[in-house]
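Notes for the one structure printed next.
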Amino acid sequence: MTTRVIIVDDQAMVRAGFAALLAAQSDIDVVGEAPDGAQGVELSRRTHPDVVLMDVRMPEMDGLEAARRLLAPPPGVTHRPRVLMLTTFDVDDYVYEALRAGASGFLLKDAPPADLIAAVRVVASGDALLAPSVTRRLIADFARQRPAARGRPALRLKALTERETEVLTLVARGRSNAEIAADLVLAEQTVKTHVSRVLTKLDLRDRAQAVVFAYESGLVTPGD
């Protein structure tokens with residue numbers, strides 16, 4: 001199946017380079033480009049991509065606001081793409097907020113070409129959190145600066161079974177499904193089922209939001 005992608009970045013050379021690289025893949029189709037968040041949202045509404053590559057800092061509308069609009073669309077708009085944020089280490093706070101808004105992950109703009117291709121495929125599949133070690137470290141850094149939201153997020157944990165809570169804890173620590181299966185002595189397909197149930201019960205979009213939720217609820221704390 002072909003993954004439809006749009007690229008939203010205010011640098012024309014970045015858009016062109018990413019588009020050329022991705023379009024050369026037989027399973028990826030670049031269906032459009034936009035120079036700012038506002039045009040990116042409009043383009044996404046029109047072309048219905050599977051994945052949006054979204055720069056964080058842009059004129060007119062930044063990537064964070066654009067991600068919010070794509071992932072929490074107004075009534076009547078049913079399409080919600082997966083959003084992969086393009087960033088550098090100096091905008092980590094934006095990345096954290098983007099993950100909270102529902103972005104599926106992030107990629108450093110100077111990452112190797114192979115990483116970009118792999119990232120699009122991973123985000124399109126929805127099976128794993130992109131760059132778990134880096135993402136986990138970023139979220140942990142911000143969790144240290146923000147007290148756990150023990151109210152409603154913590155109460156939502158009560159909806160989970162003991163096994164589902166164990167699985168969520170390991171997801172938050174950056175474990176893959178295969179690693180969780182080994183840790184808990186389960187079949188990998190069983191782990192996938194547990195992860196799916198966790199996301200459904202907690203009304204979370206994907207593993208990226210699950211990691212944020214686990215930190216904010218206090219289930220996992222930095223240094224665990």
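The shown structure was predicted, so the numbers you read here are calculated from the model rather than taken from an experiment.
- Note: D110 CG to L86 CG = 11.0 Å, rounded to the nearest 0.5 Å.
- Atom OG of S104 and atom CZ of R207 lie 12.0 Å apart (nearest 0.5 Å).
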Would you mind writing out the side-chain donor-acceptor pairs for residues 1-11 within the sub-3.5 Å range, not counting sequence neighbours?
unit_1: R4; atom_1: NH2; unit_2: T47; atom_2: O; d: 2.5
unit_1: D9; atom_1: OD1; unit_2: Q11; atom_2: N; d: 2.8
unit_1: D9; atom_1: OD2; unit_2: K109; atom_2: NZ; d: 2.9

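- Atom CG of residue L157 and atom CZ of residue F213 lie 4.5 Å apart, to the nearest 0.5 angstrom.
- The salt bridge (Lys or Arg N to Asp or Glu O under 4.0 Å) pairs that include a residue from residues 66-79 are E65-R68, E65-R69, where partners are two or more places apart or lie in different chains.
- For residues 178-199, no pair satisfies ring pair (Phe, Tyr, Trp, His ring centres under 6.0 Å), with sequence neighbours left out.
- Inter-residue side-chain proximity for V120 and I28 is flagged as met; some heavy-atom pair is nearer than 4.5 Å.
- D29 is linked by a salt bridge (charged side-chain N to carboxylate O under 4.0 Å, His left out) to nothing, counting only residues two or more places apart in sequence or in another chain.
- Partners of E42 by side-chain contact (heavy atoms from CB on, under 4.5 Å), not counting sequence neighbours, listed by chain and number: R46.
- Residues forming a side-chain contact (heavy atoms from CB on, under 4.5 Å) with A187 (at least two apart in sequence, or on another chain): T190.
- Not a single salt bridge (charged side-chain N to carboxylate O under 4.0 Å, His left out) links D62 to another residue, sequence neighbours left out.
- For the side-chain contact (heavy atoms from CB on, under 4.5 Å) test, residues two or more places apart in sequence or in another chain that qualify with H79 are S44, H48, P49, P81.
- In this structure R163 satisfies the side chain to side chain donor-acceptor pair (under 3.5 Å) test together with E166, sequence neighbours excluded.
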Less than 3.5 Å apart, which donor and acceptor atoms pair up between the side chains of residues 196-204 and the rest of the protein, not counting sequence neighbours?
unit_1: T200; atom_1: OG1; unit_2: S196; atom_2: O; d: 3.0
unit_1: K201; atom_1: NZ; unit_2: A159; atom_2: O; d: 3.3
unit_1: K201; atom_1: NZ; unit_2: E164; atom_2: OE1; d: 2.8
unit_1: K201; atom_1: NZ; unit_2: E164; atom_2: OE2; d: 3.3

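- With sequence neighbours excluded, the residues satisfying side-chain contact (heavy atoms from CB on, under 4.5 Å) with D36 are A38, Q39, E60.
- In this structure, L22 and I117 have side chains that are in contact, with non-hydrogen atoms separated by less than 4.5 Å.
- Applying the ring pair (Phe, Tyr, Trp, His ring centres under 6.0 Å) test to pairs two or more places apart or on separate chains, none has a residue in residues 49-75.
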